[in-house]
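Here is the structure we will look at, set down as structure tokens.
Naming: A, B, ... by sequence-line order, numbering from 1 per chain.
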There are 2 protein chains.
Amino acid sequence: MSLELRVDRNSPVPLYFQLAQQLEAAIERGVLTPGSLLGNEIELAARLGLSRPTVRQAIQSLVDKGLLVRRRGVGTQVVHSRVKRPLELSSLYDDLEAAGQRPATTVLVNTLVPASAEVAAALGLGEGGDVHRVERLRLAHGEPIAYLVNFLPPGLLDLDTAHLRATGLYRLMRSAGITLHSARQSIGARAATCAEAERLGEKEGAPLLTMERTTFDDTGRAVEFGTHLYRPSRYSFEFQLLVRS
Amino acid sequence: MSLELRVDRNSPVPLYFQLAQQLEAAIERGVLTPGSLLGNEIELAARLGLSRPTVRQAIQSLVDKGLLVRRRGVGTQVVHSRVKRPLELSSLYDDLEAAGQRPATTVLVNTLVPASAEVAAALGLGEGGDVHRVERLRLAHGEPIAYLVNFLPPGLLDLDTAHLRATGLYRLMRSAGITLHSARQSIGARAATCAEAERLGEKEGAPLLTMERTTFDDTGRAVEFGTHLYRPSRYSFEFQLLVRS
DNA sequence: CAGTGGTCTAGACCACTTA
DNA sequence: AAGTGGTCTAGACCACTGT
């Protein structure tokens with residue numbers, strides 16, 4: 001095996017993380033092939049001059065990512081079929097950009113409004129308090145893809161219309177120092193109303209994909225609630241779900 | 001704080017797991033309120049007669065679940081807004097049962113067929129080799145909810161039609177000793193064809209929710225590929241996504 | 001039986017936050 | 001400066017898997 005591993009003890013990057021990165025890269029590049037055994041933890045630790053718990057921490061992080069499998073009495077193996085994307089909070093803007101679709105955004109509305117009961121409940125705020133309401137049309141290659149309505153708690157973000165035109169909401173939140181943690185999503189379908197059909201360039205009654213989402217940051221605060229409409233001919237949701245053990 | 005924690009050293013359940021369960025129960029029951037501090041790890045370890053790494057392992061598992069937040073220099077806090085479901089590989093059968101809908105299944109087809117190119121690619125098998133093809137109609141309260149077509153590699157499961165009628169595919173796989181690990185899903189929408197409309201009790205052209213899914217076990221093998229059609233008036237997908245750090 | 005991962009301990013030093 | 005979590009060590013014993 002041509003697998004060369006080494007760690008830099010002067011680096012500020014944690015040792016377990018350095019090791020995890022190198023193992024992941026080796027799997028990615030095919031140096032470690034699916035099904036191959038990693039060698040036992042004790043020996044690996046000795047070879048790297050690390051303690052066993054440190055090596056275990058590195059391996060565990062890759063097991064959590066679904067790249068490795070550990071079996072007692074057997075060893076640690078590279079998973080047979082590599083997973084494409086582990087799991088992501090999908091951002092329509094990033095998805096389109098990654099697909100080379102050159103997303104564009106038209107900001108239809110960007111104001112403060114009193115929170116309705118539904119919005120207040122989703123964001124965990126008092127009913128009637130002010131919230132940002134942002135309404136956008138997302139396009140790719142000049143064609144409408146989705147109609148997005150979002151509500152955000154006040155004072156969290158500088159919701160400049162120019163910023164909203166140039167990028168996605170998630171990027172805006174991340175660059176404002178908000179660490180996104182999780183989102184609760186509901187995906188369904190229904191027929192387009194007349195107004196919706198016109199906005200999206202569909203016919204009345206055409207099937208539309210619907211999503212409602214509440215996003216939480218790492219302290220558990222709701223930072224965004226949105227109801228979105230997608231043209232199913234132009235967009236579908238793709239993601240990887242992991243089983244909780 | 002009336003929080004009583006204790007561990008049973010004679011139990012076969014790992015100590016860190018016992019502690020994690022008790023903390024989770026305390027959060028669930030509201031004994032630990034959102035935002036409250038957990039007390040530092042050293043003191044917690046001393047109180048329980050455990051070592052610090054063991055306590056950390058328990059806390060880390062709850063951080064991963066999104067129930068706790070740790071901040072250096074601050075402490076460990078209960079997350080502000082409790083997460084309903086962490087994230088699950090959703091099973092239509094279990095979802096319906098949990099909602100008190102008394103699911104029923106009609107097995108339309110259950111045979112071995114040669115794998116098409118699409119199916120072979122999804123399951124990682126050779127084209128033309130035999131695969132199970134299962135076609136089912138899922139009902140709740142006698143109303144059709146979904147039309148399910150699944151392909152499974154041969155020799156993995158005893159696909160008895162009576163079993164298929166009585167339960168879901170995921171339960172069948174679990175009881176056959178298969179440990180599910182992850183699934184790649186694609187969710188979209190489209191108009192019902194005439195045949196589909198008739199099967200589901202909709203009108204031709206009605207919007208339908210579509211899902212394609214490939215499920216993998218913990219060794220990375222594909223164990224199931226399916227294309228499903230749902231009536232959006234009866235079912236929508238609900239789930240929690242976690243951000244990868 | 002030998003070899004593997006699973007759990008656990010009792011320390012240590014460091015980086016960061018808050019006051 | 002004091003207190004927190006983040007990282008790391010060098011051991012130990014156990015449970016499970018294969019031969």
Tell me whether the side-chain N/O atoms of [X] come closer than 4.0 Å to OP1 or OP2 in [N].
X	N	value
B:T76	D:dG5	yes
A:R9	D:dT7	no
B:Y16	C:dC8	no
B:N40	D:dT4	yes
A:R70	C:dG6	yes

Between D:dT9, C:dC8, C:dT4, which one does the side chain of B:T54 approach most closely?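 So the side chain of B:T54 is nearest to C:dC8.
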Taking the six-membered ring for Trp, are B:F239 and A:F239 ring centroids under 6.0 Å apart?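 Yes.
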Describe the nucleic acid contact of B:L15 in one word from base, sugar-phosphate, nothing, applying a heavy-atom distance below 4.0 Å. sugar-phosphate
Describe the nucleic acid contact of A:I59 in one word from base, sugar-phosphate, nothing, applying a heavy-atom distance below 4.0 Å.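 It contacts nothing in the nucleic acid.
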Between A:V74 and A:R56, which residue's closest nucleotide on DNA chain C lies nearer the 5′ terminus? A:V74
Work out which heavy atom in B:E41 is nearest to a heavy atom in B:I59; give both atom names and the distance. CG-CD1, 4.1 Å
Does a donor on one side chain and an acceptor on the other come within less than 3.5 Å for B:Q77 and B:R71?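 Yes, because at least one side-chain N or O of B:Q77 sits under 3.5 Å from a partner of the opposite role on B:R71.
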To the nearest angstrom, the CD-C1' distance between A:Q57 and C:dG5 comes to 16 Å
I need the CZ-P distance between B:R71 and C:dT17, as an integer number of Å. 10 Å
Start at the 5' end of DNA chain D and walk down; is the nucleotide closest to B:E41 or to A:S51 reached first?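 Between the two, 5'-proximity favours B:E41.
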N/O donor-acceptor pair under 3.5 Å between B:S175 side chain and B:R171 backbone: yes
Under 3.5 Å, is there an N or O donor on one side and an acceptor on the other linking the side chain of A:R52 and the base of C:dG6?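 Checked by distance alone, the answer is yes.
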